Colleague: 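There's a structure below that I have some questions on.
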Amino acid sequence: MVFRWWKRAVQCWSLLAVLFALVACGQGGAPAKSPADAPGGGQSTPAKGPVAYPLTVRDDSGETVTIPKEPARIVSLIPSHTETLFALGLEGRVVAVTSYDHYPPDVQKKVEAVLDGLNPSVEKLAALRPDLVVLGSHNRETVQAIRRAGLTAVMYDPQSLDAVYRTIEQLGEITNRTDRAAALVEQMKAKARVLADKVAAVPPERRPRVYVEVDPDQLFTPGRNTFMDELIRLAGGVNIASDLEGWKPINAEKVIRSNPQVIVLTYGYYVPDAEAKLKQRRGWDAVDAVKTGRVYVVDSDLVNRPGPRVVDAVEALAKLFHPDLFR
Amino acid sequence: MAGKRAWLWGGVLGLSIAVSVLISLRIGPAGLETADVWRAVWGRLTGAGGVPDWEVAVVWDLRLPRVGMALLVGASLAVAGAAYQGVLRNPLADPFILGVSSGAALAAVAGMLFGGRAGLYGVWGIPLLAFAGGLAGLAAVLRLGGMAGGMRNETLLLAGVVVQSFLGAVLTVLMLASAERLPGVMMWLMGSLANRDPALAAGVLPCFLVSLALLVAWARELNVMTLGEDQAAYLGVDVGKRKWKILVAASLAASASVAVSGIIGFVGLVVPHIVRLLAGPDHRILLPLSALAGGLFLLWADNAARAAVPGQEIPIGAVTAFLGAPFFAYLLRRSGRTR
């Protein structure tokens, strides 16, 4: 019973980490540029032409979904996909988003309805008569409940940069925006390449040990095989929690022993003075990051959303890890 | 005779605590060897160099405060439980069953959600708020159970269950309403000493000391009351008034400790019973010994919570429930048989 509780708390938490991270205003981070700005926009990927409907895809829930026609009324129940849909030029077709959506700016005013993305009311959802519902890290029950209501729903939960690219391309295909999706991905990849080249020059011993904390009470941190773990690596850092699998609470003893050189906090939007509070914790003054003042609050919108701005997140982290590279 | 026995058990418990503290300092995921722990302990005491910073920090700033909090919380709960059992003449009374813990937790959480972030309360605010909540929970349970002297066990239990469920529901809704704090629900409902700010203890320690001092001062009357209200009245003790005073004093310790640790059940139930078996029912002895034994018990419960599952912590309330619930069942059966 206790373990089930724990597991559930962890599950809820992971979901929350993604969703609630978005309450902060999305002022940080560069706006997603239109694909026209992309270097070589769309040229490197051959245009496939219009998508033929009905289209059958396999999504991350493992199910085969048939999209009968080009979606005209789309509901996004996760902010990262909202960003993708808008970046694909689907403004006007997205009819509802979640209350955690803050990007693009004023996105909640551009839709007919704002829903609870975590526990969406299937009734409300059905009343919007969407022909496509886009889901993210929702649990199986939610996905099935929406499908049982006769709605066409796809679920993508990318956990790596490559998976983000694939998800964008998939959403592009489903919405008949194949070319724009290809251009967007190409633009992201180009930016990622520039960053990777910069970071590649950093020798291993100059890559800081990094501790990321997303919850101040339980010391939740991303372990191996998490999206954040990859962001840390791409930004030229070494995650101190890489011996853990997935999102896990970490013991303060282990953090102090690992002696991180950089500490990144993502909960600054709901905990005032988060850096100061961390620095005041007993015993944490033995940690290099605290000694040298390298404790940072980052915009959780940016680093928690596996969407089109993910490369911007890598850049933001890389600037914290290697300020000298960006002078 | 009784005095000698008390000193004997006091000594045994004190020694056990001393040894347990030393062992506890050795337990933790950072994997320090005994020699490292000693080096770290001496390192800060003597200012000797050559000890890695992190070792000193782990031992002095993480493990030691946590050991202290476990002792404090365990002592508070056990003393309160001993007093409740005595004054209500009910072997099943404890802060958890009586709704004190739930009430205190709800008030503390509400306080933190609606004002704590602004730093409105300082060290004292949350424990005192918890105290108010604990009294409210207690009053609800006693009122519901019918404050009649020898309140029947079943009635008390049912009243406790009802009040706890209700308060638990409010607590859960509160936490959900401020969803980014959701992980905290577990901590509050099942209890935990993980990552708690040791500064919290600064407000709880005085509450515990005041409560213990008052209860020990009233221990004679408590002894008389245990005989029954009629007997007590014959012996000139005004039961009605005294009863409330004692309940309030006991609730101070129990509620304040909840502000540190969340709801930890069964400590206040199990410990006084065992102490009574060992050292007899005299409250002058029972109360201080319960404090020591409660601290010892919770220290080991916390060690189990820290070490049982590698890489993760079990809520301490789960550990105490695992040990305490069977004991509770035993008491329930026994009390059923004697009636």
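To find a chain, count down the sequence lines: A is the first, B the second, and so on, and within it residues start at 1. Please read these numbers as outputs of a predicted model, since none were measured by experiment.
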Colleague: What part of B:Pro29 gets closer than 4.5 Å to chain A, counting heavy atoms only: side chain, backbone, both or neither?
Modeller: both
Colleague: Search all heavy atoms of B:Ala256 against all heavy atoms of B:Pro127 and return the closest pair with its distance.
Modeller: CB-CB, 4.1 Å
Colleague: Report the option among A:Asp243, A:Leu219, A:Asn259 that has the most heavy-atom pairs separated by less than 4.5 Å from atoms of chain B.
Modeller: A:Leu219
Colleague: Can you say whether B:Pro65 sits under 4.5 Å from chain A via the side chain, the backbone, both, or neither, judging by heavy atoms?
Modeller: side chain
Colleague: Under a 4.5 Å heavy-atom cut-off, does chain A meet the side chain of B:Arg196, its backbone, both or neither?
Modeller: neither
Colleague: On a heavy-atom basis, which atom in A:Val271 and which in A:Pro216 lie closest, and how many Å separate them?
Modeller: CG2-CG, 4.1 Å
Colleague: Between the side chains of A:Asn225 and A:Gln159, does any donor sit under 3.5 Å from an acceptor?
Modeller: no
Colleague: I need the minimum non-hydrogen distance between B:Ala40 and B:Trp60, along with the two atoms involved.
Modeller: O-NE1, 3.1 Å
